Amino acid sequence: MRHPNVNPDAAVRPAVRAAGEDDLPELVRLRASLFEELGGDYFDPASGCDDWRHHLAAVLREQLASDDARILVVDGDAGLAACGIGTVDQWFPGPHNVNGRVGHVIGVVTDVPYRRRGYSRAILRALLHWFREREASRVDLYASPEGEPLYRALGFVDHPDPALYWRP
């Protein structure tokens with residue numbers, strides 16, 4: 001039996017494109033939906049302040065023109081169906097990272113009505129290609145339980161170091 005949300009044209013790859021300034025409101029909407037879905041103290045702080053959306057829009061606008069960021073989208077019927085962000089940072093080189101270039105996948109999200117159609121996979125493949133072009137020696141990401149199987153299928157493995165964070 002076919003899953004009701006699976007694209008009947010699964011062999012057809014979704015059209016992934018670079019985001020533009022006209023996409024900013026939809027990018028903010030999709031990122032907000034990601035945080036709402038993930039929940040928890042880290043993603044849904046008690047402050048309840050919506051100012052972060054304005055800051056996000058400003059940073060997204062700035063990053064659209066950056067050579068070290070790539071924001072990819074798939075169009076839906078009315079707005080964006082999915083988006084994903086990649087960045088490349090210059091770290092200090094070492095024996096484990098000769099050029100010091102480290103990629104990060106940030107917040108791949110597909111709107112609920114468009115899930116199970118291969119949009120996140122298409123965005124991830126395009127981002128991985130972009131990371132290769134930018135000579136990233138590795139790519140890091142944080143996976144939700146729902147996204148983890150996709151990332152593992154694309155070759156991501158457990159990081160050897162524990163992930164920790166600190167808030168000032």
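Note that the structure is predicted; figures quoted are calculated from it, not measured.
Shortest non-hydrogen contact noted between Ala57 and Leu24 is O-CD2, 4.1 Å. Scanning all heavy atoms of the two residues, the minimum distance from Val108 to Leu34 falls at O-CD1, 4.4 Å. The minimum heavy-atom distance linking Arg53 with Ala32 is given by the pair NH1-CB, 3.1 Å. Shortest non-hydrogen contact noted between Ala69 and Gln63 is CB-OE1, 3.2 Å. Pro14 and Val74 get closest at one heavy-atom pair: CB-CG1, 4.2 Å. For Ser120 against Thr110, the heavy-atom pair with the smallest separation is OG-OG1, 2.7 Å.
Residues Asp77 and Tyr114 form a side-chain contact, since some pair of their non-hydrogen atoms from C-beta on lies under 4.5 Å apart. Side-chain contact between Asp111 and Tyr119: absent, with no pair of heavy atoms (C-beta onward) separated by less than 4.5 Å. Taking 4.5 Å as the limit, some side-chain heavy atom of Ile106 sits within range of a side-chain heavy atom of Arg31. Residues Val73 and Val16 form no side-chain contact, since every pair of their non-hydrogen atoms from C-beta on lies 4.5 Å or further apart.
With sequence neighbours excluded, the residues satisfying side chain to side chain contact (heavy atoms under 4.5 Å, CB included) with Ala143 are Leu141, Glu148, Tyr151.
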Quick one: do Arg17 and Asp23 satisfy salt bridge (Lys or Arg N to Asp or Glu O under 4.0 Å)? Show the steps, please. CA-CA 11 Å; Arg17 65 174 177 82; Asp23 296 313; 2.9 Å; yes
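The backbone N or O of Leu30 sits less than 3.5 Å from a side-chain atom of Ser33, completing a donor-acceptor pair. Between the side chain of Arg117 and the backbone N or O of Pro113, at least one donor-acceptor pair lies under 3.5 Å.
Ion pair Asp158/Arg152 flagged as a salt bridge, since at least one NZ, NE, NH1 or NH2 atom sits closer than 4.0 Å to an Asp/Glu carboxylate oxygen.
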Review item, side-chain donor-acceptor pairs of residues 128-138, under 3.5 Å, at least two apart:
| from | atom 1 | to | atom 2 | distance (Å) |
| --- | --- | --- | --- | --- |
| His129 | NE2 | Glu133 | OE2 | 3.0 |
| Arg134 | NE | Asp67 | O | 3.3 |
| Ser137 | OG | Asn97 | OD1 | 2.5 |
| Ser137 | OG | Asn97 | ND2 | 3.2 |
| Ser137 | OG | Arg101 | O | 3.0 |
| Arg138 | NE | Asp140 | OD1 | 2.8 |
| Arg138 | NE | Asp140 | OD2 | 3.2 |
| Arg138 | NH2 | Asp140 | OD2 | 2.9 |

N/O donor-acceptor pairs under 3.5 Å from side chains in residues 80-92, not counting sequence neighbours:
| from | atom 1 | to | atom 2 | distance (Å) |
| --- | --- | --- | --- | --- |
| Asp89 | OD2 | His104 | NE2 | 3.1 |
| Gln90 | NE2 | Asn99 | O | 2.8 |

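Rounding to the nearest 0.5 Å places CD1 of Ile123 at 12.5 Å from CZ of Arg125. Between atom CD of residue Glu146 and atom CZ of residue Arg115 there is a gap of 7.5 Å, rounded to the nearest 0.5 Å.
Note on Leu127 and Phe156: same hydrophobic cluster, where clusters join Ile, Leu, Val, Met, Phe, Trp and Tyr whose side-chain heavy atoms are under 4.5 Å apart, directly or indirectly. Leu64 and Val59 fall into different hydrophobic clusters, where Ile, Leu, Val, Met, Phe, Trp and Tyr side chains are chained together by heavy-atom contacts under 4.5 Å.
Within a 6.0 Å sphere centred on OH of Tyr142, other residues, nucleotides and ligands contribute 12 heavy atoms or fewer.
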